[in-house]
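All values below were derived from every heavy atom in this structure, side-chain atoms included, with hydrogens, water molecules and symmetry-related copies excluded. Sequence lines set the chain letters: A, B, ... in the order given, protein chains first and strands last, and positions in each chain run from 1.
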Amino acid sequence: MKFKILSGDGNARTGLLTTNRGKIKTPAFMPIATSGAIKGGVSSEDMRGLKSEIILANTYHLHLRPGEKIIKKGGGISSFMGWDGPVLTDSGGFQVFSLSSIRKITEEGVHFQSHLDGSKIFLGPEESMKIQHELGADIIMAFDECPPSTAGKDKIALAVQRTSAWAKKSIQTHTALCKKGKESPALFGIVQGGAHLDLREESLAEIVKLPFDGFALGGLAVGESEKEMYETIRAIAPKMPEEKPRYLMGVGTPENILEAVENGIDMFDCVLPTRNGRHGKAFSSIGDFNIFAEKYATDFSPLDPNCECPVCKKYSRAYLRHLHKSGEMLGMRLLTIHNLHFYLDLMRKMREAIEKGEFQKLKKRVMKGRTRKG
RNA sequence: GGGCGGAUAGCCAAGUGGUCAACGGCGACAGACUGUAAAUCUGUUCCCUUACGGGUUCGGGGGUUCGAGUCCCUCUCCGCCCA
């Protein structure tokens, strides 16, 4: 993997990430295909149509079903799902935090139960690296521990320590799995520490020591206030290695992303465009809104008057509302496509603005438009 | 003409003397969702009130009772059966 910075505007920058399966212009948004599918019935062709350059899949989910062996036989996750473009796999570390059936966390990893059948699962840095190598993604993530914001500082400090130890093990296992001459995935390390800047600094120092190909900020948007999240991003993002891609995991709203790009983040992923698409919330340049609302019953205008997506070119709010109220899966599909287009288009606009040195101008314009109400 | 059974909030439907403004489901109206256990979850849904609380309800009318959606009489309508 190669990463080249192309232009800058303040701390914001554009770049080109070259992976085994293709190039990614940064700042980039990575739509989430947890189980090897963008939820909402969005296909790989749809994703190409939306000009997404990379998607994200999850180690834990794919490990449980169908299993990495099958995916490897299928040519790796990218080919298996007919995408053929770059894929980043998350390590499964987030599930440590999000699944309620954790039984025990040890130095070696996490014992927990499958959400599918309750069977006992063990996942640690070594297991995660092995699985991710079999899945065959272009970028893989170190196995980390992501505590919720409600955890006490001592718990978060412990998570920082564990994340550092697991980072070392992730690197070791990954290095051993990389065969000479064979195209290997890039491995990113993850910084933890919650909203505690001292812990963040400590975590950053530890992780940056290791030869990762990129660095991620994890453990944000996990319950802390937006103010705390912004303070953390502002303090830490600019200190992450400049020549390596910086990835803010799981974040966030369009406003969050604007803020993070301003502070030098290059990569993002978030479930909001897809999940909200399924739940009826539309992102829009003139303010987000709930398509279920009664006032859209007779609104025959497009979701977003400034949108060039295939959904806005053809379908009305009234029709989308009808589909959602009727539980038609087309409603979810169309709204998800629109939302993904909104995110990907916002990234495009940010890259153009950074190149022109007009990032602040764009940020102000976008924020202003969105404070209106759909 | 006779015999049963039924009528509960927008719809379906619990409820058989007090803890019933009335279970539950649907529908409707809102809200939430940030490295996806999520096509999910939460709230409201007789009237007035931000709330506390108050008012009027269970086909109509009349009765029994301290007290009735629940028991009795009667009327109306619906369903089934016998003529």
What integer distance in Å separates [X]:[atom1] from [N]:[atom2]?
{"X": "A:His279", "N": "B:C41", "atom1": "NE2", "atom2": "C1'", "value": "8 Å"}
{"X": "A:Asn339", "N": "B:U36", "atom1": "CG", "atom2": "P", "value": "18 Å"}
{"X": "A:Phe94", "N": "B:A38", "atom1": "CZ", "atom2": "C1'", "value": "12 Å"}
{"X": "A:Glu294", "N": "B:G31", "atom1": "CD", "atom2": "P", "value": "12 Å"}

Counting only side-chain nitrogens and oxygens, does [X] get under 4.0 Å of the OP1 or OP2 atom of [N]?
{"X": "A:Ser98", "N": "B:A37", "result": "yes"}
{"X": "A:Arg65", "N": "B:A37", "result": "no"}
{"X": "A:Arg278", "N": "B:A38", "result": "no"}
{"X": "A:Gln95", "N": "B:U36", "result": "yes"}
{"X": "A:Asn58", "N": "B:U36", "result": "yes"}

Note to self: Through direct or indirect side-chain contacts below 4.5 angstrom among Ile, Leu, Val, Met, Phe, Trp and Tyr, which residues connect to A:Met332?
What the structure shows: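 Its cluster mates, by chain and number, are A:Met329.
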Check: With clusters built from Ile, Leu, Val, Met, Phe, Trp and Tyr whose side-chain heavy atoms come within less than 4.5 Å, directly or transitively, what are the remaining members of the cluster of A:Leu199, listed by chain and number?
Finding: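 A:Ile156, A:Val160, which link up through side-chain heavy atoms under 4.5 Å apart, make up the rest of the cluster.
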Notebook entry, point to check: Who is the Watson-Crick or G-U wobble partner of B:U36, with both distances under 3.5 Å?
Noted result: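 Answer to the pairing question: none, since B:U36 forms no Watson-Crick or G-U pair.
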Notebook entry, point to check: Paired with B:C77: which nucleotide, if any, by Watson-Crick or G-U wobble criteria at under 3.5 Å for both distances?
Noted result: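 Because both required distances fall under 3.5 Å, B:C77 counts as paired with B:G6.
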Check: Is the ring of A:His61 stacked on the base of B:U36, with centres less than 5.5 Å apart and planes under 30° off?
Finding: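 It does not: the ring fails the test against the base of B:U36.
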Note to self: According to side chain to side chain contact (heavy atoms under 4.5 Å, CB included), who are the partners of A:Ala165, at least two apart in sequence or on a separate chain?
What the structure shows: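 By the side chain to side chain contact (heavy atoms under 4.5 Å, CB included) rule, A:Ala165 matches no residue at all.
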Notebook entry, point to check: For A:Thr150, which residues count as a side chain to side chain contact (heavy atoms under 4.5 Å, CB included) partner, sequence neighbours excluded?
Noted result: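 A:Thr150 satisfies side chain to side chain contact (heavy atoms under 4.5 Å, CB included) with A:Pro148 only.
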Margin query: Suppose we screen for ring pair (Phe, Tyr, Trp, His ring centres under 6.0 Å). Which residues come up paired with A:Tyr319, at least two apart in sequence or across chains?
Written below: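 Testing A:Tyr319 for ring pair (Phe, Tyr, Trp, His ring centres under 6.0 Å), a comparison that skips the adjacent residues, returns A:Tyr315.
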Check: Hey, can you pull the residues of residues 198-227 of chain A with a non-hydrogen atom under 4.0 angstrom from RNA chain B?
Finding: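 RNA chain B contact set from residues 198-227 of chain A: A:Gly219, A:Ala221.
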